[in-house]
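For reference, the structure discussed in these notes is given below.
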2 protein chains.
Amino acid sequence: MLSYTEENYLKAIYHLAQGGTKAVLTNEIAEMLNTKAASVTDMIKKLSGKNFISYEKYYGVKMTRQGKSEALSIIRKHRLWETFLVQKLQFNWDEVHDIAEQLEHIQSPLLIEKLDAFLNYPKADPHGEPIPDRNGKVQVQAHGCLHEQTLGYKGCIVAVKDSDATLLKYLNKIGATPGKKIELLNKEAYDESLEVLVENKKLSLSKPVAQNILVSLTTR
Amino acid sequence: MLSYTEENYLKAIYHLAQGGTKAVLTNEIAEMLNTKAASVTDMIKKLSGKNFISYEKYYGVKMTRQGKSEALSIIRKHRLWETFLVQKLQFNWDEVHDIAEQLEHIQSPLLIEKLDAFLNYPKADPHGEPIPDRNGKVQVQAHGCLHEQTLGYKGCIVAVKDSDATLLKYLNKIGATPGKKIELLNKEAYDESLEVLVENKKLSLSKPVAQNILVSLTTR
DNA sequence: ATATTTTTTTAGACCAGTCTAAACTTTTAT
DNA sequence: ATAAAAGTTTAGACTGGTCTAAAAAAATAT
Ligand SMILES: [Mn+2]
Ligand SMILES: [Mn+2]
Ligand SMILES: [Mn+2]
Ligand SMILES: [Mn+2]
């Protein structure tokens with residue numbers, strides 16, 4: 001059984017590796033977890049000793065199959081709890097991330113199964129992020145970063161990065177939430193801000209905002 | 001803010017002190033928490049340093065007002081979560097204690113308020129134990145241990161100690177659950193077992209079972 | 001009243017997780 | 001090709017929580 005801390009490291013590495021594929025560097029992990037590189041090196045050794053990651057000194061870590069599966073189970077719990085908090089307890093979508101950060105560590109497979117059933121097997125959390133099923137399968141809607149789309153792009157908002165409450169409050173205020181139609185009208189060369197149409201309302205989004213919005217891609 | 005471990009100690013001491021009044025001995029705490037007396041002494045020093053308990057060397061500890069209030073807040077969380085698990089997630093009453101033991105440590109006052117509202121401000125948990133309100137007030141129904149009642153006693157089952165799942169399964173099977181009417185017909189001198197009438201059904205309860213059942217007392 | 005038993009505390013060690021400072025590798029610049 | 005800079009690991013220390021073994025105090029028995 002993993003400790004609270006081990007679980008947080010594993011999840012951070014998984015996210016930094018973009019689904020567990022890319023190699024992840026010590027300093028990236030340190031920054032994400034607000035800790036120091038020396039601490040990360042220690043934990044890396046422990047997690048690779050338990051075969052959740054593979055580690056090549058000075059060149060970072062990669063997740064193993066086992067590591068990915070463990071990370072996905074934590075992410076599943078996190079997103080189910082976020083859904084519960086918004087749908088059943090009437091929390092705002094910007095208030096749930098930190099609480100889910102704690103709840104994701106509760107140990108009880110039965111609890112998660114029952115929670116899933118209670119919520120009617122949701123496919124996505126309140127921020128649009130997909131909820132892995134009990135076997136770690138993720139229903140991935142093809143998506144890309146809004147900031148990287150070309151002029152004239154048309155699609156809809158799939159998800160939003162959820163760790164910053166002020167961003168979520170702002171997006172909620174201007175109406176840029178998952179599911180909404182979005183069109184890219186213009187890119188400002190000077191500050192890379194975007195002019196977009198969200199459900200027929202014209203909006204201007206700064207670069208840091210656009211980087212945290214994921215939009216649908218039609219695979220063809 | 002208290003650590004996970006500090007919270008567990010504080011709750012254990014509160015229960016051993018029967019509502020925070022009686023003095024509690026080092027070994028009692030050690031036994032309840034499955035730890036060693038030496039560890040308890042260390043923690044006692046820490047908690048008394050933070051003014052949650054007052055400590056007289058070799059003579060045990062007493063809870064302070066601050067300590068009681070903190071313990072009651074943890075107990076409130078524990079019992080609200082148990083209620084949630086049974087009422088909303090369809091758990092059996094014998095499955096919830098260990099999960100609530102984890103959930104009680106989640107830090108978010110707003111979460112508990114919202115959970116309380118979602119459950120419609122329940123007065124008692126699934127085992128009949130009263131749920132303290134947000135100010136730590138406990139609605140105490142006058143009660144006593146079934147094992148200590150005199151022959152001919154009539155009343156109803158108020159609550160049941162919840163930490164042993166096999167006891168709960170058994171009580172559920174024989175129909176001795178909170179709310180049920182109960183009458184004490186006979187005491188067997190040899191093994192102190194009781195013959196009782198639960199909702200007009202005759203049952204025999206052994207001493208250890210009767211000691212874990214709380215029954216109503218009419219204050220007169 | 002003294003000796004024995006029981007309970008509690010202290011001393012010293014260990015593990016998980018963290019940190020700073022120093023040493024070592026790799027990358028980048030010249 | 002060499003020097004400087006950046007990133008990573010190691011060494012050693014610290015905290016919170018735990019343990020065993022030994023010392024000290026309190027309760028009990030004679
Ligand atoms: Mn989240
Ligand atoms: Mn977390
Ligand atoms: Mn309980
Ligand atoms: Mn607990």
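Labels below follow one simple rule: chain letters A, B, ... track the order of the sequence lines, proteins then strands, and each chain is numbered from 1.
The shortest distance between the side-chain N/O atoms of Tyr59(A) and the OP1/OP2 oxygens of dT26(C) is below 4.0 Å. Remark: Thr35(A) is in phosphate contact with dC19(C), judged by side-chain N or O atoms under 4.0 Å from OP1 or OP2. Under 4.0 angstrom from either OP1 or OP2 of dT25(C) there lies no side-chain N or O belonging to Lys57(A). Between Ser39(A) and dC19(C) there is a side-chain N or O to OP1 or OP2 distance below 4.0 Å. OP1 and OP2 of dT10(C) both lie 4.0 Å or more from every side-chain N or O belonging to Thr41(B). Side-chain N/O atoms of Asn27(A) include none lying less than 4.0 angstrom from OP1 or OP2 on dA6(D).
The distance between atom CD of Glu7(B) and atom C1' of dG16(D), rounded to the nearest whole Å, is 15 Å. The interatomic distance linking Leu25(A) (CG) with dT25(C) (P) rounds to 18 Å, in whole Å. Taking atom CD of Glu31(B) as the reference point, atom P of dT8(C) lies 12 Å away to the nearest angstrom. In this entry the distance linking CD1 of Ile44(B) with C1' of dT9(C) reads 10 Å, nearest Å. Across the protein-nucleic acid pair, Asp42(B) atom CG and dG12(C) atom C1' stand 12 Å apart, rounded to whole Å. Here the P atom of nucleotide dG7(D) and the CD1 atom of Ile29(A) are 15 Å apart, to the nearest Å. Rounded to whole Å, the distance from CD on Glu56(B) to P on dT9(C) is 11 Å. Distance, Lys36(B) NZ to dC14(C) C1': 15 Å, rounded to whole Å.
Remark: the Asn8(B) side chain and the His105(B) side chain contain an N/O donor-acceptor pair separated by less than 3.5 Å.
Checking dT20(C), dT9(C), dT8(D) against the side-chain heavy atoms of Ala37(B) singles out dT9(C) as nearest.
When the shell of 6.0 Å around CD of Glu31(B) is examined, it contains 12 or fewer heavy atoms from other residues, nucleotides or ligands.
A cation-pi contact links Lys114(A) to Phe91(B), judged by a cut-off of 6.0 Å to the six-membered ring centre and 45° from its axis.
Nearest-nucleotide positions on DNA chain C for Tyr58(A) and Glu6(A) put Glu6(A) closer to the 5' end.
Using a 4.0 Å heavy-atom distance criterion, Tyr9(A) is classed as a sugar-phosphate-only contact.
Counting only distance, with no hydrogens or angles, the side chain of Trp81(B) and the backbone of Ile99(B) share no donor-acceptor pair below 3.5 Å.
Between Glu104(A) and the choices Lys11(A), Arg76(A), Arg79(A), Lys77(A), the salt bridge (Lys or Arg N to Asp or Glu O under 4.0 Å) rule is met once, by Lys11(A).
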